[in-house]
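See below for the structure under consideration.
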Amino acid sequence: MSTLWMTVLLLVAAGCGGSPPSDQPPPPTGHGTGTGTGTGTMLTNSPAPSATSDTGCGPHTVTALPSEQPAPVCLTIGAGLHIATQPSPSQPWSVPTSSDESVLRCTARQLASGAAEATCTAVHAGTAVVTMTTSPFAGDPHGPPQPQWRLTVTVV
């Protein structure tokens, strides 16, 4: 083997298993939490759960999307839940309502953009379902469907 090929081979072998370049961030570690966007899932790092929060219950923020139904959430008594929608001027969202105000009390409002938002508080152990829908499409009786959105909330 020529000296040139030996040098190339040694340089390539030396680069294997080495550290990543210093201008690149290290790979993510920790536990990921998904945030739905309607087009995919983005993982973000979050700290590992503590021994006192083994139920996974606590405050939550949920963005309602017409094309997706959310996973159920768990809250502890006194914890908050914030729900928001994206603007929808052609089919405005109704305000989110709780199926059982004695379990989950919500204060909601509609926004001028057709969006809606609510802040809910867990007040008693039990299960409640937060629901909302969009208005019928104005101007076309055969227009897009009216999405109905439901979030099951368990309070412990």
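- Applying the 6.0 Å contact sphere to NE2 of H82 captures more than 12 heavy atoms from other residues, nucleotides or ligands.
- Residues passing the side chain to side chain contact (heavy atoms under 4.5 Å, CB included) test with S113 are P87, L111, A115, sequence neighbours excluded.
- A79 and P59 get closest at one heavy-atom pair: CB-N, 4.1 Å.
- Under the rule for a side chain to side chain contact (heavy atoms under 4.5 Å, CB included), the partners of P92 that lie at least two apart in sequence or sit in another chain are S135.
- Cluster note: V95 groups with no other residue, as no ILVMFWY side-chain heavy atom lies under 4.5 Å from it.
- Contacts classified as salt bridge (Lys or Arg N to Asp or Glu O under 4.0 Å) and involving residues 146-156 (residues at least two apart or in different chains) are not found.
- Contacts of Q146 classified as side chain to side chain contact (heavy atoms under 4.5 Å, CB included), with partners at least two apart in sequence or in another chain: Q91, T133, T134, P136.
- Applying the salt bridge (Lys or Arg N to Asp or Glu O under 4.0 Å) test to pairs two or more places apart or on separate chains, those with a residue in residues 99-112 are R109-E117.
- Applying the salt bridge (Lys or Arg N to Asp or Glu O under 4.0 Å) rule to pairs touching residues 126-137 yields nothing, sequence neighbours excluded.
- Chaining together hydrophobic side chains whose heavy atoms lie under 4.5 Å apart places W149 alongside V62, V73, L75, I77, L81, I83, W93, V103, L104, V130, M132, L151, V153, V155.
- Among pairs with a residue in residues 117-156, those fulfilling disulfide bond (SG atoms under 2.5 Å apart) read C106-C120, at least two apart in sequence or across chains.
- Residues that satisfy the side chain to side chain contact (heavy atoms under 4.5 Å, CB included) test with T107, not counting sequence neighbours, are absent from this structure.
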